[in-house]
**Q** 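Please read through the structure below; I'll follow up with questions.
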Amino acid sequence: MADTWEKLKAECAACAACPLAQTRTNLVFGVGREDAEILFIGEGPGEQEDLQGEPFVGPAGKLLDTMLAIIGLDRSKVYIINMVKCRPPRNRDPQEDEIAACAPWLQRQIALVDPKLIVCLGRVAAKGLIDPEFRITRQHGQWYRCGDRPIMATYHPSALLRDPSKRPEAFMDLRELRKEIRAVCERTELYDDTL
Ligand code: URA
């Protein structure tokens with residue numbers, strides 16, 4: 001039987017496949033347009049996301065909203081998920097076994113959204129979806145393939161909050177993203193060239 005969002009959400013809400021399920025307040029499923037042409041993938045929920053059940057609602061989320069707005073995007077035009085759906089304690093990186101336990105949900109979400117392109121927010125998503133040896137400082141802003149879809153990674157907004165000197169590079173990544181959106185997306189409206 002074909003997968004549906006309803007089925008996926010119900011099954012995912014009951015997930016206890018890794019120890020993160022025991023310490024979560026809320027499972028953080030995803031937010032945005034379920035048939036978006038652009039899919040953003042972060043790392044894992046932080047404190048605010050765990051409390052509110054929505055990805056990127058804390059300080060990093062505010063910066064992500066600004067990054068989206070720079071090229072005329074917002075949460076209603078894209079879909080946003082994380083590599084893991086439950087908060088890792090004290091915001092540590094999700095571990096490989098936790099990412100592996102969550103991967104079937106992620107893969108079903110990717111299949112249901114069926115995006116035209118994917119953007120990894122930071123190293124953890126890039127290592128999981130592009131290359132286990134991915135080096136964000138060297139490889140951000142370049143296009144790779146995830147199955148038959150273009151995929152790129154840019155700096156995680158939290159990294160840009162910690163080190164604002166990386167922001168000009170992230171800005172260039174956004175320009176690159178906008179170019180690719182114009183090339184492969186049909187339904188996603190962007191601002192005119194202002195960058
Ligand atoms: N960082 C992430 O990677 N994801 C979130 O949802 C929040 C912060």
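All ligand and atom numbering here is 1-based and tracks the order in the structure. The figures here come from the full heavy-atom set of this structure, side chains too, leaving out hydrogens, waters and symmetry mates.
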**Q** List the residues meeting salt bridge (charged side-chain N to carboxylate O under 4.0 Å, His left out) with Asp65, not counting sequence neighbours, and say none if there are none.
**A** Arg75
**Q** Within the structure provided, determine whether Trp143 and Leu177 are in side-chain contact (heavy-atom separation under 4.5 Å).
**A** yes
**Q** Distance under 4.0 Å, heavy atoms only, partner ligand 1: which residues pass?
**A** Gly42, Glu43, Gly44, Glu49, Pro55, Phe56, Asn82, His156
**Q** Taking only residues two or more places apart in sequence or in another chain, which ones pass ring-ring contact (aromatic ring centres under 6.0 Å, His included) with Tyr79?
**A** Trp5
**Q** Of all residues at least two apart in sequence or in a different chain, which pass the salt bridge (charged side-chain N to carboxylate O under 4.0 Å, His left out) check with Glu34?
**A** Lys9
**Q** Test Phe134 against His140 for ring pair (Phe, Tyr, Trp, His ring centres under 6.0 Å), laying out the working first.
**A** CA-CA 9 Å; Phe134 196 89; His140 69 91; 9.0 Å; no
**Q** Between Ile41 and Leu106, does the side-chain contact (heavy atoms from CB on, under 4.5 Å) criterion hold? Intermediate values first, please.
**A** CA-CA 9 Å; Ile41 307 184; Leu106 184 82; 4.2 Å; yes
